[in-house]
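See below for the structure under consideration.
Both counts, for ligands and for their atoms, begin at 1 and track the order of listing. Counting begins at 1 with the first residue of the sequence.
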Amino acid sequence: MRTELSTLGEFGLIDRIKLQQAEKQQKSTLKGIGDDCAVIEKSKTEVTLISTDILLEGIHFDLTYTPLLHLGYKAVAVNVSDVAAMNGIPQQITVSIAISNRFSVEAIDELYKGIRLACENYKVDLVGGDTTSSQRGLMISVTVIGTAKKSEVAYRSGAKVNDVICVSGDLGAAYAGLQILEREKEVYSANPEMQPELEGKDYVIKRLLKPEGRTDIVHELKDLGIVPTSMIDISDGLASEILHICNASGVGAYVYEDKLPITHDTEQTLFDFKLDPTTAAMNGGEDYELLFTVSMKDFEKLKNHEDITTIGYITEKAKGVIMISKKGNQYPIKAQGWDHLV
Ligand code: ADP
Ligand code: MG
(Lines give C-alpha, C1' and ligand atoms only; values in the text may rest on other atoms or scores of the structure.)
(Ligands and ions follow the chains in the order given, each with its own letter.)
Protein backbone atom coordinates (compact mmCIF):
# COMPACT_ATOMS: atom_id res chain seq x y z
CA MET A 1 0.00 0.00 0.00
CA ARG A 2 1.20 3.49 -0.79
CA THR A 3 0.42 6.40 1.54
CA GLU A 4 0.82 9.91 0.17
CA LEU A 5 3.15 12.19 2.16
CA SER A 6 0.51 14.91 1.93
CA THR A 7 -1.71 12.90 4.29
CA LEU A 8 0.87 13.44 7.06
CA GLY A 9 2.34 16.86 6.30
CA GLU A 10 5.77 17.89 7.57
CA PHE A 11 4.98 17.74 11.29
CA GLY A 12 3.04 14.48 10.97
CA LEU A 13 6.00 12.94 9.20
CA ILE A 14 8.44 14.09 11.89
CA ASP A 15 6.17 12.63 14.61
CA ARG A 16 6.07 9.35 12.72
CA ILE A 17 9.87 9.23 12.40
CA LYS A 18 10.14 9.95 16.13
CA LEU A 19 7.69 7.18 17.10
CA GLN A 20 9.44 4.64 14.88
CA GLN A 21 12.83 5.15 16.52
CA ALA A 22 14.36 3.04 19.27
CA GLU A 23 14.04 3.94 22.95
CA LYS A 24 16.72 6.31 24.15
CA GLN A 25 20.10 4.50 24.38
CA GLN A 26 22.08 7.28 26.06
CA LYS A 27 21.45 8.91 29.39
CA SER A 28 23.14 12.05 28.13
CA THR A 29 20.35 12.61 25.54
CA LEU A 30 18.20 15.02 27.54
CA LYS A 31 15.97 16.07 24.62
CA GLY A 32 15.74 14.40 21.22
CA ILE A 33 13.37 15.15 18.36
CA GLY A 34 10.74 17.82 19.00
CA ASP A 35 12.34 21.10 20.02
CA ASP A 36 14.45 23.74 18.27
CA CYS A 37 17.63 21.87 19.25
CA ALA A 38 18.56 18.52 20.67
CA VAL A 39 19.89 18.90 24.23
CA ILE A 40 22.84 16.76 25.29
CA GLU A 41 24.34 16.67 28.76
CA LYS A 42 27.90 18.00 28.80
CA SER A 43 28.52 18.19 32.56
CA LYS A 44 26.42 18.37 35.71
CA THR A 45 25.51 21.97 34.96
CA GLU A 46 26.01 22.42 31.20
CA VAL A 47 24.42 21.12 28.03
CA THR A 48 25.35 21.02 24.36
CA LEU A 49 22.67 22.17 21.88
CA ILE A 50 22.56 20.83 18.32
CA SER A 51 20.34 21.74 15.39
CA THR A 52 20.47 21.33 11.64
CA ASP A 53 18.63 22.93 8.71
CA ILE A 54 18.68 22.40 4.96
CA LEU A 55 18.26 25.23 2.46
CA LEU A 56 17.38 23.96 -1.01
CA GLU A 57 17.32 25.96 -4.21
CA GLY A 58 13.80 26.26 -5.64
CA ILE A 59 12.23 25.48 -2.24
CA HIS A 60 13.88 27.82 0.28
CA PHE A 61 15.54 30.33 -2.01
CA ASP A 62 15.47 31.59 -5.55
CA LEU A 63 18.85 32.56 -6.96
CA THR A 64 17.31 35.01 -9.42
CA TYR A 65 16.99 37.45 -6.52
CA THR A 66 19.05 35.94 -3.70
CA PRO A 67 22.71 37.01 -3.74
CA LEU A 68 24.97 34.11 -2.69
CA LEU A 69 26.59 36.36 -0.09
CA HIS A 70 23.22 36.78 1.62
CA LEU A 71 22.38 33.11 1.24
CA GLY A 72 25.56 32.10 3.06
CA TYR A 73 24.78 34.54 5.84
CA LYS A 74 21.17 33.40 6.11
CA ALA A 75 22.07 29.70 6.23
CA VAL A 76 24.10 30.40 9.38
CA ALA A 77 21.63 32.89 10.88
CA VAL A 78 18.65 30.51 10.71
CA ASN A 79 20.64 27.84 12.55
CA VAL A 80 21.94 30.27 15.16
CA SER A 81 18.28 31.19 15.62
CA ASP A 82 17.46 27.63 16.75
CA VAL A 83 20.16 27.80 19.44
CA ALA A 84 18.85 31.20 20.57
CA ALA A 85 15.38 29.60 20.74
CA MET A 86 16.71 27.26 23.47
CA ASN A 87 18.16 30.26 25.33
CA GLY A 88 21.66 29.10 24.34
CA ILE A 89 24.82 30.52 22.82
CA PRO A 90 26.05 29.14 19.46
CA GLN A 91 29.73 28.17 19.26
CA GLN A 92 30.50 26.08 16.15
CA ILE A 93 28.92 25.23 12.81
CA THR A 94 29.50 22.65 10.10
CA VAL A 95 28.45 23.47 6.54
CA SER A 96 27.64 20.92 3.83
CA ILE A 97 27.00 21.85 0.24
CA ALA A 98 25.86 20.09 -2.92
CA ILE A 99 26.84 22.03 -6.06
CA SER A 100 26.82 21.57 -9.82
CA ASN A 101 29.14 22.90 -12.52
CA ARG A 102 26.56 25.67 -12.98
CA PHE A 103 28.44 27.44 -10.16
CA SER A 104 31.86 29.04 -10.56
CA VAL A 105 34.61 29.16 -7.97
CA GLU A 106 33.83 32.86 -7.55
CA ALA A 107 30.18 32.03 -6.82
CA ILE A 108 31.14 29.58 -4.09
CA ASP A 109 33.58 32.20 -2.73
CA GLU A 110 30.64 34.59 -2.39
CA LEU A 111 28.60 31.97 -0.52
CA TYR A 112 31.47 31.36 1.91
CA LYS A 113 32.08 35.08 2.31
CA GLY A 114 28.51 35.32 3.64
CA ILE A 115 29.15 32.35 5.93
CA ARG A 116 32.30 34.03 7.22
CA LEU A 117 30.49 37.31 7.90
CA ALA A 118 27.86 35.43 9.90
CA CYS A 119 30.55 33.50 11.80
CA GLU A 120 32.20 36.80 12.77
CA ASN A 121 28.90 38.38 13.73
CA TYR A 122 27.65 35.46 15.83
CA LYS A 123 31.13 34.54 17.13
CA VAL A 124 30.99 30.97 15.86
CA ASP A 125 33.67 28.85 14.16
CA LEU A 126 33.19 26.87 10.97
CA VAL A 127 34.71 23.53 11.99
CA GLY A 128 33.82 21.15 9.15
CA GLY A 129 31.22 19.95 6.69
CA ASP A 130 30.90 18.01 3.48
CA THR A 131 31.03 18.81 -0.24
CA THR A 132 29.29 16.83 -2.94
CA SER A 133 27.95 17.35 -6.43
CA SER A 134 24.34 17.85 -7.41
CA GLN A 135 22.77 17.54 -10.85
CA ARG A 136 21.70 21.17 -10.98
CA GLY A 137 20.39 22.86 -7.87
CA LEU A 138 22.31 24.20 -4.90
CA MET A 139 21.81 22.72 -1.46
CA ILE A 140 23.32 24.06 1.71
CA SER A 141 22.93 22.37 5.07
CA VAL A 142 24.25 23.86 8.29
CA THR A 143 24.55 22.17 11.67
CA VAL A 144 25.06 24.37 14.69
CA ILE A 145 26.47 23.44 18.07
CA GLY A 146 25.82 25.63 21.06
CA THR A 147 25.92 25.65 24.81
CA ALA A 148 23.70 26.61 27.75
CA LYS A 149 23.48 26.10 31.47
CA LYS A 150 21.22 23.12 32.12
CA SER A 151 19.05 25.23 34.41
CA GLU A 152 18.62 27.94 31.77
CA VAL A 153 17.50 25.89 28.75
CA ALA A 154 14.14 27.12 27.44
CA TYR A 155 12.07 24.27 26.01
CA ARG A 156 8.85 24.60 24.07
CA SER A 157 7.13 22.69 26.86
CA GLY A 158 7.51 25.02 29.86
CA ALA A 159 4.74 27.60 29.41
CA LYS A 160 2.46 27.94 32.46
CA VAL A 161 -1.01 29.44 32.89
CA ASN A 162 -0.81 33.25 33.37
CA ASP A 163 2.68 33.50 31.82
CA VAL A 164 3.06 36.52 29.56
CA ILE A 165 3.65 35.87 25.84
CA CYS A 166 6.43 37.98 24.29
CA VAL A 167 7.86 38.46 20.82
CA SER A 168 11.18 40.06 19.87
CA GLY A 169 11.47 42.52 16.98
CA ASP A 170 8.66 42.72 14.42
CA LEU A 171 6.71 40.27 12.28
CA GLY A 172 5.53 39.88 8.69
CA ALA A 173 8.35 41.86 7.08
CA ALA A 174 10.08 38.91 5.40
CA TYR A 175 6.77 37.91 3.82
CA ALA A 176 6.30 41.49 2.57
CA GLY A 177 9.85 41.40 1.15
CA LEU A 178 9.08 38.13 -0.61
CA GLN A 179 6.06 39.71 -2.35
CA ILE A 180 8.24 42.50 -3.73
CA LEU A 181 10.99 40.19 -4.98
CA GLU A 182 8.52 37.75 -6.53
CA ARG A 183 6.78 40.64 -8.31
CA GLU A 184 10.05 42.02 -9.63
CA LYS A 185 11.03 38.57 -10.84
CA GLU A 186 7.82 38.34 -12.87
CA VAL A 187 8.26 41.82 -14.29
CA TYR A 188 11.85 41.01 -15.21
CA SER A 189 11.02 37.68 -16.86
CA ALA A 190 8.30 39.44 -18.91
CA ASN A 191 10.66 42.25 -19.92
CA PRO A 192 14.36 42.05 -19.01
CA GLU A 193 14.76 45.76 -19.86
CA MET A 194 12.70 46.73 -16.82
CA GLN A 195 14.58 48.09 -13.81
CA PRO A 196 13.43 46.79 -10.43
CA GLU A 197 11.25 49.09 -8.35
CA LEU A 198 12.72 48.61 -4.93
CA GLU A 199 12.81 52.14 -3.60
CA GLY A 200 11.74 52.47 0.01
CA LYS A 201 11.58 48.70 0.32
CA ASP A 202 15.04 48.16 1.81
CA TYR A 203 13.75 47.11 5.21
CA VAL A 204 11.33 44.37 4.14
CA ILE A 205 13.73 43.02 1.50
CA LYS A 206 16.58 42.92 4.00
CA ARG A 207 14.37 41.04 6.45
CA LEU A 208 13.89 38.28 3.86
CA LEU A 209 17.40 38.14 2.42
CA LYS A 210 19.42 38.79 5.57
CA PRO A 211 17.54 37.66 8.68
CA GLU A 212 19.30 37.63 12.04
CA GLY A 213 19.28 34.97 14.76
CA ARG A 214 18.40 36.84 17.95
CA THR A 215 21.33 35.85 20.16
CA ASP A 216 21.30 39.47 21.36
CA ILE A 217 17.95 38.80 23.07
CA VAL A 218 19.42 35.74 24.80
CA HIS A 219 22.20 37.92 26.24
CA GLU A 220 19.76 40.61 27.29
CA LEU A 221 17.48 38.13 29.05
CA LYS A 222 20.54 36.84 30.93
CA ASP A 223 21.47 40.39 31.93
CA LEU A 224 17.93 40.92 33.21
CA GLY A 225 18.10 37.67 35.15
CA ILE A 226 15.22 36.15 33.19
CA VAL A 227 14.90 32.53 32.07
CA PRO A 228 11.90 32.25 29.72
CA THR A 229 9.49 29.51 30.77
CA SER A 230 9.28 28.46 27.10
CA MET A 231 10.74 29.65 23.81
CA ILE A 232 10.72 28.93 20.05
CA ASP A 233 11.95 30.83 17.02
CA ILE A 234 9.44 32.11 14.48
CA SER A 235 10.39 30.39 11.24
CA ASP A 236 6.93 29.36 10.02
CA GLY A 237 4.79 32.26 11.28
CA LEU A 238 3.48 33.13 14.74
CA ALA A 239 0.39 30.88 14.42
CA SER A 240 2.36 27.70 13.91
CA GLU A 241 4.87 28.56 16.65
CA ILE A 242 2.35 29.52 19.34
CA LEU A 243 0.58 26.22 18.63
CA HIS A 244 3.89 24.35 19.07
CA ILE A 245 4.39 26.00 22.47
CA CYS A 246 0.79 25.40 23.56
CA ASN A 247 0.76 21.77 22.41
CA ALA A 248 4.12 21.00 24.02
CA SER A 249 3.16 22.79 27.25
CA GLY A 250 -0.43 21.53 27.48
CA VAL A 251 -1.86 25.06 27.74
CA GLY A 252 -3.98 27.53 25.80
CA ALA A 253 -3.28 31.16 24.87
CA TYR A 254 -4.90 34.50 24.21
CA VAL A 255 -3.08 36.56 21.57
CA TYR A 256 -4.25 40.11 20.87
CA GLU A 257 -4.26 41.16 17.23
CA ASP A 258 -3.71 44.84 18.06
CA LYS A 259 -0.53 43.97 19.97
CA LEU A 260 1.23 42.23 17.06
CA PRO A 261 4.48 44.11 16.30
CA ILE A 262 4.26 45.07 12.61
CA THR A 263 6.26 48.02 11.26
CA HIS A 264 4.82 50.79 9.12
CA ASP A 265 7.02 49.71 6.16
CA THR A 266 5.67 46.18 6.36
CA GLU A 267 2.06 47.37 6.56
CA GLN A 268 2.47 49.71 3.60
CA THR A 269 4.03 47.02 1.41
CA LEU A 270 1.34 44.51 2.29
CA PHE A 271 -1.43 47.03 1.62
CA ASP A 272 0.08 47.59 -1.85
CA PHE A 273 -0.39 43.88 -2.50
CA LYS A 274 -3.86 43.90 -0.88
CA LEU A 275 -2.57 41.56 1.79
CA ASP A 276 -3.54 41.61 5.45
CA PRO A 277 -0.67 42.42 7.87
CA THR A 278 -2.13 40.17 10.56
CA THR A 279 -2.17 37.22 8.16
CA ALA A 280 1.44 37.95 7.20
CA ALA A 281 2.51 38.08 10.85
CA MET A 282 0.59 34.92 11.74
CA ASN A 283 1.35 32.81 8.68
CA GLY A 284 4.07 34.49 6.63
CA GLY A 285 7.13 32.96 8.19
CA GLU A 286 10.89 33.55 7.93
CA ASP A 287 10.96 36.31 10.54
CA TYR A 288 13.37 34.41 12.82
CA GLU A 289 12.27 36.42 15.82
CA LEU A 290 11.87 34.75 19.22
CA LEU A 291 8.48 33.87 20.70
CA PHE A 292 8.74 33.21 24.44
CA THR A 293 6.80 33.16 27.67
CA VAL A 294 7.87 34.61 31.00
CA SER A 295 6.35 34.41 34.46
CA MET A 296 4.48 37.45 35.76
CA LYS A 297 7.28 38.36 38.17
CA ASP A 298 9.86 38.40 35.35
CA PHE A 299 7.55 40.37 33.09
CA GLU A 300 8.04 43.42 35.34
CA LYS A 301 11.74 43.40 34.38
CA LEU A 302 11.20 43.56 30.63
CA LYS A 303 7.90 45.35 30.14
CA ASN A 304 9.70 48.53 29.05
CA HIS A 305 12.15 46.79 26.71
CA GLU A 306 11.91 48.57 23.37
CA ASP A 307 12.54 45.49 21.21
CA ILE A 308 10.24 43.07 23.05
CA THR A 309 6.46 43.20 22.69
CA THR A 310 3.86 41.57 24.92
CA ILE A 311 1.19 40.01 22.72
CA GLY A 312 -0.94 38.03 25.16
CA TYR A 313 -0.92 35.48 27.94
CA ILE A 314 -1.11 31.76 28.56
CA THR A 315 -4.44 30.25 29.59
CA GLU A 316 -5.74 26.82 30.55
CA LYS A 317 -5.73 24.28 27.74
CA ALA A 318 -9.54 24.12 27.66
CA LYS A 319 -9.74 27.78 26.62
CA GLY A 320 -7.97 26.94 23.34
CA VAL A 321 -5.38 28.92 21.41
CA ILE A 322 -7.26 32.09 20.57
CA MET A 323 -6.68 35.34 18.71
CA ILE A 324 -8.67 38.32 20.01
CA SER A 325 -9.28 40.50 16.95
CA LYS A 326 -9.10 44.29 16.90
CA LYS A 327 -12.89 44.31 17.11
CA GLY A 328 -12.83 42.02 20.14
CA ASN A 329 -13.95 38.83 18.40
CA GLN A 330 -12.30 35.50 19.24
CA TYR A 331 -10.86 33.20 16.59
CA PRO A 332 -9.09 29.86 17.11
CA ILE A 333 -5.52 30.12 15.80
CA LYS A 334 -4.75 27.58 13.09
CA ALA A 335 -1.34 26.77 11.64
CA GLN A 336 -0.91 27.56 8.00
CA GLY A 337 2.88 27.67 8.01
CA TRP A 338 4.86 26.69 4.97
CA ASP A 339 4.27 23.04 4.35
CA HIS A 340 6.60 21.90 1.62
CA LEU A 341 5.13 18.44 1.51
CA VAL A 342 1.54 19.39 0.75
P1 ADP B 1 12.79 24.00 13.20
O2 ADP B 1 11.65 24.64 12.46
O3 ADP B 1 13.01 24.58 14.55
O4 ADP B 1 14.04 23.89 12.38
P5 ADP B 1 11.72 21.47 12.49
O6 ADP B 1 10.26 21.69 12.40
O7 ADP B 1 12.55 21.40 11.26
O8 ADP B 1 12.35 22.49 13.51
O9 ADP B 1 11.97 20.13 13.29
C10 ADP B 1 11.26 19.82 14.47
C11 ADP B 1 11.99 18.69 15.21
O12 ADP B 1 12.05 17.52 14.40
C13 ADP B 1 13.43 19.00 15.56
O14 ADP B 1 13.69 18.42 16.82
C15 ADP B 1 14.23 18.31 14.46
O16 ADP B 1 15.53 17.97 14.90
C17 ADP B 1 13.40 17.08 14.20
N18 ADP B 1 13.51 16.56 12.82
C19 ADP B 1 13.17 17.18 11.66
N20 ADP B 1 13.36 16.39 10.59
C21 ADP B 1 13.86 15.21 11.07
C22 ADP B 1 14.26 13.96 10.46
N23 ADP B 1 14.22 13.80 9.13
N24 ADP B 1 14.71 12.99 11.27
C25 ADP B 1 14.78 13.17 12.62
N26 ADP B 1 14.40 14.29 13.25
C27 ADP B 1 13.94 15.32 12.49
MG1 MG C 1 13.21 26.46 15.33
Side-chain angles (χ1 to χ4, degrees), residues 3 5-6 8-26 28-41 47-56 59-61 74-88 90 93-96 98 118 122 139-146 148 153-159 167-168 171 174-175 211-215 217-218 228 230-249 282-292 335-342:
T3 313
L5 281 170
S6 58
L8 289 182
E10 185 181 340
F11 300 135
L13 180 64
I14 293 172
D15 278 347
R16 187 182 170 92
I17 291 171
K18 184 176 167 182
L19 288 171
Q20 284 170 346
Q21 286 313 295
E23 293 283 300
K24 186 162 102 166
Q25 312 281 326
Q26 296 289 338
S28 56
T29 309
L30 301 184
K31 177 81 199 180
I33 298 172
D35 216 303
D36 294 283
C37 289
V39 182
I40 294 162
E41 189 165 55
V47 297
T48 299
L49 302 166
I50 303 181
S51 180
T52 195
D53 261 315
I54 300 175
L55 294 183
L56 191 62
I59 301 286
H60 301 99
F61 59 88
K74 181 168 177 172
V76 179
V78 303
N79 275 277
V80 160
S81 176
D82 276 320
V83 172
M86 304 302 290
N87 204 28
I93 55 163
T94 63
V95 175
S96 302
Y122 296 113
M139 190 224 51
I140 171 163
S141 174
V142 175
T143 297
V144 64
I145 300 154
V153 176
Y155 294 93
R156 295 177 181 180
S157 54
V167 185
S168 66
L171 301 177
Y175 186 70
E212 301 287 357
R214 298 301 308 264
T215 45
I217 297 286
V218 173
S230 70
M231 186 145 64
I232 188 168
D233 68 331
I234 306 180
S235 50
D236 293 338
L238 184 61
S240 164
E241 315 304 358
I242 189 87
L243 285 166
H244 278 314
I245 283 191
C246 288
N247 289 337
S249 301
M282 295 304 282
N283 302 311
E286 297 236 81
D287 293 310
Y288 297 103
E289 293 296 341
L290 294 173
L291 170 68
F292 57 97
Q336 289 164 9
W338 303 126
D339 209 333
H340 305 307
L341 300 177
V342 182

- Message: Under the criterion side-chain contact (heavy atoms from CB on, under 4.5 Å), I'd like the reasoning laid out for Leu49 against Val39: C-alpha separation, chi angles, the key distance, then a yes or no.
- Response: CA-CA 5 Å; Leu49 302 166; Val39 182; 3.8 Å; yes

[Y] and [X], any side-chain heavy atoms less than 4.5 Å apart:
X: Asp236; Y: Phe11; value: yes
X: Asn87; Y: Pro228; value: yes
X: Ile93; Y: Asn79; value: no

- Item | Of the listed options Ile234, Ile14, Asp36, closest to atom 10 (C) of ligand 1 (non-hydrogen atoms) |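 Answer by nearest heavy atom: Ile14.
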
- Option with minimal heavy-atom separation from atom 22 (C) of ligand 1, where the choices are Asp35, Ile54, Ile17: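 Looking at heavy atoms only, the winner is Ile17.
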
- Message: So if I count the atoms of ligand 1 from 1 in the order they appear, which ones are less than 4.0 Å from some heavy atom of Ser235?
- Response: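 Counting from 1, the qualifying ligand atoms are 2 (O).
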
- Pull out every atom of ligand 1 sitting under 4.0 Å from any heavy atom of Ile33, numbered as shown with elements.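 Within the 4.0 Å cut-off of Ile33, ligand 1 contributes 12 (O), 14 (O), 17 (C), 25 (C), 26 (N).
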
- Query: With a 4.0 Å heavy-atom cut-off (strictly under), which part of Asp82 contacts ligand 1: side chain, backbone, both or neither?
  - Reply: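 The side chain, only.
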
- Task: Say whether Arg156 and ligand 1 are in contact under the criterion: heavy-atom distance to a ligand atom below 4.0 Å.
- Result: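 It does, in that a heavy atom of Arg156 comes within the 4.0 Å cut-off of ligand 1.
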
- Message: As a quick check of understanding, evaluate side-chain contact (heavy atoms from CB on, under 4.5 Å) for Cys37 and Lys31, giving each step before the final call.
- Response: CA-CA 8 Å; Cys37 289; Lys31 177 81 199 180; over 6 Å; no

